[in-house]
Amino acid sequence: MAEAPDPAALAAVRAHLDAARRVCVLTGAGMSAESGIPTFRDALTGLWSRFDPAQLASEEGFRADPARVWDWYAERRVGVRQAQPHAGHVALAAFGHRRPGVLTLVTQNVDDLHQRAGWPQTIRLHGDILADRWLRPCPRGRACDPARAAAGRPPRCAECGNFVRPGVVWFGEMLPAAALEAADRCAMACDVMLVVGTSGAVWPAAGLASTARRAGAQVAIVNPHESEIDDEAHWVLRGTAAGVLPALLDTLG
Ligand code: NAD
């Protein structure tokens, strides 16, 4: 798939990571690819290729055909539950544990692979695919539990008909403010930013590398292919997450 990363670049990034007091890691869908979870683009070439992202990942698309969107997410949930963290997820969490206070991990992924690899404090910019929430606030002002909704595709409130929806951020929606602020703070304060497996096409996450670079951080990208933010990087390591992250991190005590 990818050529091996340049050994000199690998050594340079490793040296900066070794010296860093704060490391910010931003991951995207490519981080989970080797665990068997398709990236956004791959997902759209598969079973669901007849739908576009606006239909599958927007409130408008959900309202237009709730069952179709619910079923698509149900299928993705099965894939996430079956997937296992790979050596790259494990290397990141182990590095974080070996160097307390150094690592902040920010992900655009809606799976839970970083958490299951041992880094539960991962900042999630785009939500959690395994979580349910109501489509709109309860009209009666109650704190109703989506887990108690009447079964269906999607489940609905038996009293008011409110739909349950997956707890992800859809196109056109705001990112969770606390997560975005934490990610911005980490980009501003880090000595090294490592960007793994993102196309750099989805904002505002795509802007974090530029924020870090302007604040003085060294920026490195891990991706087997070109991304839209390669120009922000001091180093581009052409390789996969499961290959490059252990090579970068496992020898750092
Ligand atoms: P993207 O699909 O736009 O880009 C994926 C990137 O990963 C590409 O640049 C690709 O070259 C790279 N890549 C592929 N295989 C890789 C590997 N083995 N190692 C490292 N990199 C690899 O994904 P994105 O930039 O994260 O943006 C899409 C949005 O879709 C995300 O914000 C996310 O919320 C959502 N999404 C999440 C998941 C998930 O949670 N696992 C999966 C698909 C999409």
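Whatever order the structure lists them in is the order used to number ligands and atoms, beginning at 1.
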What atoms in ligand 1 come closer than 4.0 Å to a heavy atom of [X]?
X	value
Arg76	38 (C), 42 (C), 43 (C)
His126	31 (C), 32 (O), 33 (C), 34 (O)
Val110	39 (C), 40 (O)
Gly28	26 (O)

Hey, are [X] and [Y] close enough for a salt bridge, meaning a charged N less than 4.0 Å from a carboxylate O?
X	Y	answer
Asp128	Arg124	yes
Arg238	Asp230	yes
Glu232	Arg214	no

Is there any N or O on [X] that sits under 3.5 Å from an N or O of ligand 1?
X	answer
Val202	no
Ser227	no
Val196	no

The one among [options] that brings a heavy atom closest to [atom]:
atom	options	answer
atom 33 (C) of ligand 1	Gln108, His225, Glu34	Gln108
atom 37 (C) of ligand 1	Val169, Asn109, Ile221	Asn109
atom 41 (N) of ligand 1	Thr240, Asp111, Asp112	Asp111
atom 21 (N) of ligand 1	Ala33, Ala242, Pro224	Pro224

query: Under a 4.0 Å heavy-atom limit, does Pro38 contact ligand 1 with its side chain, its backbone, both, or neither?
result: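 Backbone only; the side chain of Pro38 stays clear of ligand 1.
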
Ligand 1-proximal atoms of Ser32, by part, heavy-atom distance under 4.0 Å: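 Just the side chain.
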
query: Is there any disulfide bond (SG atoms under 2.5 Å apart) pair reaching into residues 196-229, and which pairs are they, with sequence neighbours excluded?
result: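 Applying disulfide bond (SG atoms under 2.5 Å apart) to every pair that reaches into residues 196-229, excluding sequence neighbours, yields nothing.
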
- prompt: Roughly how far, to the nearest 0.5 Å, is the CG atom of Leu113 from the CE atom of Met31?
  reply: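 Taking CE in Met31 and CG in Leu113, the distance rounds to 8.5 Å.
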
query: Do Trp235 and His16 make the cut of ring centroids closer than 6.0 angstrom?
result: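 Yes, close enough.
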
- request: Step through the shown structure and confirm whether more than 12 heavy atoms of other residues, nucleotides or ligands are within 6.0 Å of CD on Glu226.
  value: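 At most 12 heavy atoms, drawn from other residues, nucleotides or ligands, come within 6.0 Å of this atom.
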
query: Cluster question for you: counting only ILVMFWY and a side-chain heavy-atom cut-off of under 4.5 Å, with indirect links fine, are Val244 and Val195 together?
result: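 Val244 does not cluster with Val195.
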
In a table with atom names and distances, give each donor-acceptor pair under 3.5 Å that connects a side chain of residues 160-179 to protein atoms at least two apart or in another chain.
{"unit_1": "Asn162", "atom_1": "OD1", "unit_2": "Arg136", "atom_2": "N", "d": "3.4"}
{"unit_1": "Asn162", "atom_1": "ND2", "unit_2": "Arg136", "atom_2": "O", "d": "2.7"}
{"unit_1": "Arg165", "atom_1": "NH1", "unit_2": "Glu173", "atom_2": "OE2", "d": "2.8"}
{"unit_1": "Arg165", "atom_1": "NH2", "unit_2": "Val168", "atom_2": "O", "d": "2.5"}
{"unit_1": "Arg165", "atom_1": "NH2", "unit_2": "Glu173", "atom_2": "OE1", "d": "3.3"}
{"unit_1": "Trp170", "atom_1": "NE1", "unit_2": "Tyr73", "atom_2": "OH", "d": "2.9"}
{"unit_1": "Glu173", "atom_1": "OE1", "unit_2": "Trp170", "atom_2": "N", "d": "2.7"}

message: In this structure, does ligand 1 have an atom that sits under 4.0 Å from one of the heavy atoms of Ile37?
response: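 Distance cut 4.0 Å: Ile37 passes for ligand 1.
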
